[in-house]
Amino acid sequence: MKNPRIYVGTWAKYNAGSLSGEWLALKDYDSYSELCEVMRAIHEDESDPEPMIQDCDDFPEGFSVVSGSLSEEEYNDILKACKEEEEEEEESRGAEDTEDTEEETPGNEEETQTAVTVCKYSEKAIAVIGDTRPFADVLRANGGRFNARLSCGAGWIFQATKKDIIVEALKAAGAAVSESDTVPARNSSNSSNSSNRRNSGTRRNSGGYPNTAIGGQKVVIEYGEKRGDLEYYKSRFSTGIRFPEGVYLFEKPRIENDFCFRDEGPEYDYYKELCNDKKLLEEHFIAHNMEQVREPKDGETMYIIKDSWSTDGRVFIRWANYPYSANDQIVREATEREEQEYRLQLRAVRAEFGKRVDKYLKRFGTSKLHIWSYWADR
């Protein structure tokens, strides 16, 4: 549950070289006018204080403080966004109303289109059934829970509002997806598919690294528990991959809505175009944000990097179109399977983030985007 806060100083103190102020939680006040009164009251040492918001914390995604101030509209939008996030979390918990059982992490099986069905399970939940094992990590990374005792047979449960995200993520992973608005009857062979595959299937390894490229949200959970700060890692990272050298974590991308441009040349000309073209501004917003989760370029090779002095058990990934090496680092080229697993996890993160960006635009349009230049008025 978010608790948005602002740090309030004054312009007079700031201009005099002082950052003295206090943190105020927006939820502590019944109205915007009450918040404004408190902002002035905490600086009663000034005859006519002009509050300056110098920092913010735990704001909903896509919100920030601009130019040291917070309007009444922004105040109301922030609290509304917090309430919506809390309602979504409650709905998600309500969908997980059965005991969950996790599947084994899938092996690297032949790349053929595998059929799965996304069906309505209840008014608030959907189920993904069929041969889901090749896509277990995608489903888990998107918040799914596996349950072998669903009324429609073994499958994965999600809140109903995530249907479009799940369908897109499955298609990106190579699944042949069918959709149904009814709950299919249990198929006895469906519930035994998992155990049959576990008994008869074998994993194909490559590059001499057995059981490499194990990915999914479970990697984040295990690492967070090992580091003794599970909530921090769950809040900051969406999924991960376990390599022989250590763990790679995918940081959750954040929606950025503040864009600064140079004050001369082509970049300034582009800035002026954005000021007068909302469609172009929307395209810039999408492109800039999705760059955080861009697909590797053609011809680039994946390298797994570990600092030789590191003791935290983490590795880093670099894509380059030339052999990569660095001092004080252990570097090797990823195997084919490791590269496939990275792409799989990245597509899941990208699909989920794309939905969040679209949702932000549908709700606010370009009204919350802040574009500026160091010399905007010349």
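These numbers were taken from a predicted model, which means no experiment stands behind them. Residue indices begin at 1 and follow the sequence shown.
- Of the possible polar contacts, one joining the R350 side chain to the V293 backbone as a donor-acceptor pair under 3.5 Å is found.
- A distance of 14.0 Å separates NZ of K252 from CD of Q292, quoted to the nearest 0.5 Å.
- When the side chain to side chain contact (heavy atoms under 4.5 Å, CB included) test is applied to N321, no partner is found at least two apart in sequence or on another chain.
- Ring geometry, F261 versus Y270: the interplanar angle exceeds 60°, so the pair is classed perpendicular (tilted spans 30 to 60°).
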Pair F243-Y342, ring pair (Phe, Tyr, Trp, His ring centres under 6.0 Å): steps then yes or no: CA-CA 11 Å; F243 297 103; Y342 177 91; 8.4 Å; no

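- A salt bridge is absent between E341 and R337; no separation between the charged side-chain nitrogens and carboxylate oxygens falls under 4.0 Å.
- E72 places no side-chain N or O within 3.5 Å of a backbone atom of Y32 that could act as its donor or acceptor partner.
- Within the 3.5 Å criterion, the main-chain N or O of G21 finds a donor-acceptor partner in the side chain of Y7.
- Under 4.0 Å is where a charged nitrogen must lie from a carboxylate oxygen, and between R332 and E338 at least one such pair does.
- The backbone N or O of L369 sits nowhere less than 3.5 Å from a side-chain atom of T366 that would complete a donor-acceptor pair.
- With 3.5 Å as the limit, one finds no donor-acceptor pair spanning the side chains of S71 and E73.
- Residues P296 and L346 have side chains in contact (heavy-atom distance under 4.5 Å, counting atoms from C-beta outward).
- Between Y248 and F250, the two ring planes are perpendicular [angle over 60°; tilted spans 30° to 60°].
- Within 6.0 Å of OH in Y14 there are 12 or fewer heavy atoms belonging to other residues, nucleotides or ligands.
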Walk me through whether I371 and H284 qualify under side chain to side chain contact (heavy atoms under 4.5 Å, CB included). CA-CA 11 Å; I371 56 173; H284 175 82; 5.7 Å; no

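- In this structure, D307 contributes its side chain and W309 its backbone to no donor-acceptor pair below 3.5 Å.
- Here the side chain of N257 pairs a donor or acceptor atom with the backbone of G62 at under 3.5 angstrom.
- A donor-acceptor pair under 3.5 Å is absent between the side-chain atoms of E282 and the main chain of G365, judged by distance alone.
- In summary, R140 and D137 engage in a salt bridge, as defined by a charged side-chain N under 4.0 Å from a carboxylate O.
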Please test F158 against Y121 for side chain to side chain contact (heavy atoms under 4.5 Å, CB included), starting from the C-alpha separation and ending with a verdict. CA-CA 9 Å; F158 296 86; Y121 190 71; over 6 Å; no

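- Between the side chain of D58 and the backbone N or O of K2, no donor-acceptor pair lies under 3.5 Å.
- For the salt bridge (Lys or Arg N to Asp or Glu O under 4.0 Å) with E222, the qualifying choice from R242, K234, R227 is R242, the only one to do so.
- With rounding to the nearest 0.5 angstrom, the NZ atom of K355 is 4.5 Å from the CG atom of D164.
- Considering only heavy atoms from C-beta on, K272 comes within 4.5 Å of D269 through its side chain.
- A 4.5 Å side-chain heavy-atom check between I255 and F353 finds at least one atom pair inside the cut-off.
- Checked by atom type, the side-chain pair W23/D55 shows no donor-acceptor distance below 3.5 Å.
- For the ring-ring contact (aromatic ring centres under 6.0 Å, His included) test, no residue two or more places apart in sequence or in another chain qualifies with Y303.
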May I have the step-by-step check of side chain to side chain contact (heavy atoms under 4.5 Å, CB included) for Y360 and F285, ending in yes or no? CA-CA 11 Å; Y360 183 90; F285 168 76; 3.5 Å; yes

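- Listed for the R347 side chain is no donor-acceptor partner under 3.5 Å among the backbone atoms of V138.
- Listed for the N289 side chain is a donor-acceptor partner under 3.5 Å among the backbone atoms of E256.
- Atom CD1 of residue I42 and atom CD of residue E22 lie 4.5 Å apart, to the nearest 0.5 angstrom.
- With salt bridges taken as basic N to acidic carboxylate O contacts below 4.0 Å, one links R294 and E291.
- Under a cut-off of 6.0 angstrom, the local environment of CZ in R363 is crowded, with over 12 non-hydrogen atoms contributed by other residues, nucleotides or ligands.
- Every pair passing salt bridge (Lys or Arg N to Asp or Glu O under 4.0 Å) that includes a residue from residues 29-48 is listed here, sequence neighbours excluded: K13-D45, K13-E46.
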Derivation of the side chain to side chain contact (heavy atoms under 4.5 Å, CB included) call for F135 and L344: CA-CA 9 Å; F135 315 108; L344 183 68; 5.6 Å; no

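- If you run side-chain contact (heavy atoms from CB on, under 4.5 Å) between I304 and each of V315, T335, V331, only V315 comes through.
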